[in-house]
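Have a look at the structure below, then the notes.
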Amino acid sequence: MNVPIENVKVFDADNNITSYTNKDGYFELSYTQNYPSKLIFSAKDYKIDTLPSFGCSNSGETSNKYFRGQRIYLYPQK
């Protein structure tokens with residue numbers, strides 16, 4: 001089922017910044033510099049997933065700054 005997951009931990013290990021998804025599945029990380037090379041997603045009862053930030057752009061452009069507009073799916077643990 002493709003439903004938003006609230007309280008997914010979104011961790012940027014490069015900058016030691018953590019955020020959590022809201023009830024709609026959205027999260028926000030604020031940067032002034034040093035964008036992350038990857039983000040780590042974790043939630044209770046789901047497999048941890050790590051995604052590179054390069055190439056994640058809703059407009060089709062290659063970018064190292066945004067996950068904006070991207071759907072990220074977590075799979076339940078078995």
Side-chain angles (χ1 to χ4, degrees):
M1 216 160 53
N2 297 330
V3 296
I5 305 169
E6 188 174 6
N7 292 321
V8 173
K9 180 180 179 179
V10 182
F11 181 62
D12 165 9
D14 295 332
N15 297 295
N16 197 31
I17 298 172
T18 300
S19 182
Y20 290 87
T21 58
N22 65 18
K23 66 181 178 65
D24 297 316
Y26 291 102
F27 66 92
E28 184 174 318
L29 295 166
S30 297
Y31 295 98
T32 56
Q33 57 185 5
N34 299 325
Y35 294 102
S37 61
K38 63 186 172 196
L39 294 178
I40 302 166
F41 298 84
S42 60
K44 184 179 178 185
D45 300 326
Y46 289 88
K47 293 180 183 179
I48 294 173
D49 202 356
T50 302
L51 298 176
S53 63
F54 289 91
C56 291
S57 172
N58 199 32
S59 64
E61 299 171 357
T62 300
S63 172
N64 68 340
K65 299 180 181 179
Y66 302 109
F67 277 88
R68 183 177 295 156
Q70 300 296 311
R71 285 194 174 119
I72 300 164
Y73 296 94
L74 295 180
Y75 296 97
Q77 288 186 359
K78 293 184 178 185

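This structure is a prediction, so every number in the text was calculated from the model and none was measured.
The two atoms that bring Ala43 and Leu74 nearest to each other are CB-CD1, 4.3 Å, heavy atoms only. Closest of all the heavy-atom pairs between Pro76 and Lys47 is O-CE, 3.9 Å. Across every non-hydrogen atom of Gly25 and Pro4, the tightest pair is N-CB, 3.7 Å. Taking all atoms of both residues into account, the shortest heavy-atom contact from Tyr73 to Asn2 is CE2-OD1, 3.4 Å.
Among residues at least two apart or in separate chains, side chain to side chain donor-acceptor pair (under 3.5 Å) pairs with a member in residues 9-19 are Asp12-Asn15, Asp12-Tyr31, Asp14-Ser37.
Residue Phe11 is found in a hydrophobic cluster whose other members, listed by chain and number, are Ile40, Ile48; membership requires side-chain heavy atoms under 4.5 Å apart, directly or through intermediates.
With values rounded to the nearest 0.5 angstrom, Glu6 atom CD is found 7.0 Å from Asn22 atom CG.
By the 4.5 Å heavy-atom criterion applied to side chains, Leu39 and Leu29 are counted as neighbours.
Among Tyr26, Phe27, Phe41, the single residue meeting the side chain to side chain contact (heavy atoms under 4.5 Å, CB included) criterion with Thr21 is Phe27.
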